[in-house]
Amino acid sequence: MTTFATPNQTIPGYLTGTWDLDPSHSDVAFSVRHLMLSKVRGRFGSFSGSFVTAEDPVDSHVEAVVDLSSIDTNSADRDAHLRSADFFDVEQHPTMSYRSTGIRANGNEWVVDGELTLHGITLPVPLQLEVHGFLPDSPFGDTRVGFTATGEINRDDFGITFNQVLEGGGLGLGNKVQITLEIQAVRRDG
């Protein structure tokens, strides 16, 4: 265990290794504007992923897959509509995936550059990364890491264009979708 530092960034207790996401202690969530009034929040209950933390953090990489049929917005009818061809079209595109293409320090923060594949379209999507820490001897008897990653996509860019025009003007759904990942992972080798 070491403390890794760049000119503007420190990661206390930084550990190298291969890590697997712990779905029972992680959350893959999103929010989108609804009726121009408030945001609707949702999450996915089934996902997997792994990443490698390299000696130099910028050489690290991540891959993850989300089962789109596991969507949960607290409304069974809305979830069924989101699974339909109007939105995710889970029969044709059952998963969404993310693969990093680079990691960089950006001032006092880290950014994961990567490609998101959704609805059959792959586009670059950067994620802001906040590393919470490494725990080499967790209460579960293993080594863990925790972080938060956030980003934003425009759903139109991925061919998800369904919307309704409101009677007073405007659209029923916003195009911008905020992504929030609360991740805890377990090191494979200890």
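What's counted below: heavy atoms across the whole structure, side chains too, no hydrogens, waters or symmetry copies. Keep in mind it's a predicted model, so treat the numbers as computed, not measured.
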[X] side, atom [atom1]; [Y] side, atom [atom2] - distance, nearest 0.5 Å:
{"X": "Glu152", "Y": "Lys176", "atom1": "CD", "atom2": "NZ", "value": "5.0 Å"}
{"X": "Leu127", "Y": "Trp110", "atom1": "CG", "atom2": "CH2", "value": "15.0 Å"}
{"X": "Ile183", "Y": "Leu21", "atom1": "CD1", "atom2": "CG", "value": "4.5 Å"}
{"X": "Met96", "Y": "His119", "atom1": "CE", "atom2": "NE2", "value": "12.5 Å"}
{"X": "Ile179", "Y": "Thr150", "atom1": "CD1", "atom2": "OG1", "value": "9.0 Å"}

Are Leu129 and Val58 connected in the hydrophobic side-chain network, where two residues link if heavy atoms are under 4.5 Å apart?
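Yes: a chain of side-chain contacts under 4.5 Å links Leu129 to Val58.
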Linking I/L/V/M/F/W/Y whenever their side-chain heavy atoms sit closer than 4.5 Å, directly or via other members, would Phe88 and Ile153 fall into one cluster?
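In one cluster: yes.
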Step by step, work out the side chain to side chain contact (heavy atoms under 4.5 Å, CB included) result for Tyr98 and Val112.
CA-CA 11 Å; Tyr98 188 81; Val112 177; 3.9 Å; yes
Please collect all salt bridge (Lys or Arg N to Asp or Glu O under 4.0 Å) contacts where either partner lies in residues 89-107, sequence neighbours excluded, each pair once.
Arg99-Glu115, Arg104-Asp113
Derivation and outcome, side chain to side chain contact (heavy atoms under 4.5 Å, CB included), residues Leu181 and Phe147:
CA-CA 8 Å; Leu181 310 172; Phe147 60 88; 5.7 Å; no
Can the ring centres of His93 and Phe158 be said to be less than 6.0 Å apart?
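Distance test on ring centres: not under 6.0 Å, no.
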Could you tell me whether a side-chain N or O of [X] sits under 3.5 Å from a main-chain N or O of [Y], the two making a donor and an acceptor?
{"X": "Ser31", "Y": "Arg41", "value": "no"}
{"X": "Thr53", "Y": "Leu15", "value": "yes"}
{"X": "Arg187", "Y": "Thr16", "value": "yes"}

Using 30° and 60° as the class limits, which term best fits the ring planes of Tyr14 and Phe134: parallel, tilted or perpendicular?
perpendicular
Describe, in one word, how the ring planes of Phe44 and Phe30 are oriented to each other, choosing from parallel (under 30°), tilted (30 to 60°) and perpendicular (over 60°).
tilted
Provide the closest heavy-atom pair for Gly45 versus Arg43 in the form atom of the first, atom of the second, distance.
CA-NH1, 3.9 Å
Could you list the donor-acceptor pairs under 3.5 angstrom formed by side chains in residues 59-68, with sequence neighbours left out?
residue	atom	partner	partner atom	Å
Ser60	OG	Val52	O	3.3
Ser60	OG	Ala54	N	2.9
Ser60	OG	Pro57	O	3.0
Asp67	OD1	Ser69	N	3.0
Asp67	OD1	Ser69	OG	2.7
Asp67	OD2	Ser69	OG	3.3

Worked verdict on Leu116 versus Leu123 for side chain to side chain contact (heavy atoms under 4.5 Å, CB included):
CA-CA 6 Å; Leu116 178 68; Leu123 293 171; 6.0 Å; no
[Y] and [X], any side-chain heavy atoms less than 4.5 Å apart:
{"X": "Val32", "Y": "Gln178", "value": "no"}
{"X": "Asp157", "Y": "Ile121", "value": "no"}
{"X": "Arg144", "Y": "Asp142", "value": "yes"}
{"X": "Ile71", "Y": "Val90", "value": "no"}
{"X": "Arg155", "Y": "Phe87", "value": "yes"}

Under the side chain to side chain contact (heavy atoms under 4.5 Å, CB included) rule, what do Ser26 and Phe47 come out as? Steps first, then yes or no, please.
CA-CA 10 Å; Ser26 299; Phe47 51 88; 3.9 Å; yes
Could I get the full list of side chain to side chain donor-acceptor pair (under 3.5 Å) partners for Ser84, not counting sequence neighbours?
none
Check the side chains of Asp79 and Thr73 for a donor-acceptor pair under 3.5 angstrom, ignoring hydrogens and angles.
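Yes, a side-chain donor-acceptor pair sits under 3.5 Å.
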So which of Glu182, Glu130, Gln128 actually passes side-chain hydrogen bond (donor to acceptor under 3.5 Å, both in side chains) with Thr148?
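By the side-chain hydrogen bond (donor to acceptor under 3.5 Å, both in side chains) criterion, Thr148 pairs with just one of Glu182, Glu130, Gln128: Glu182.
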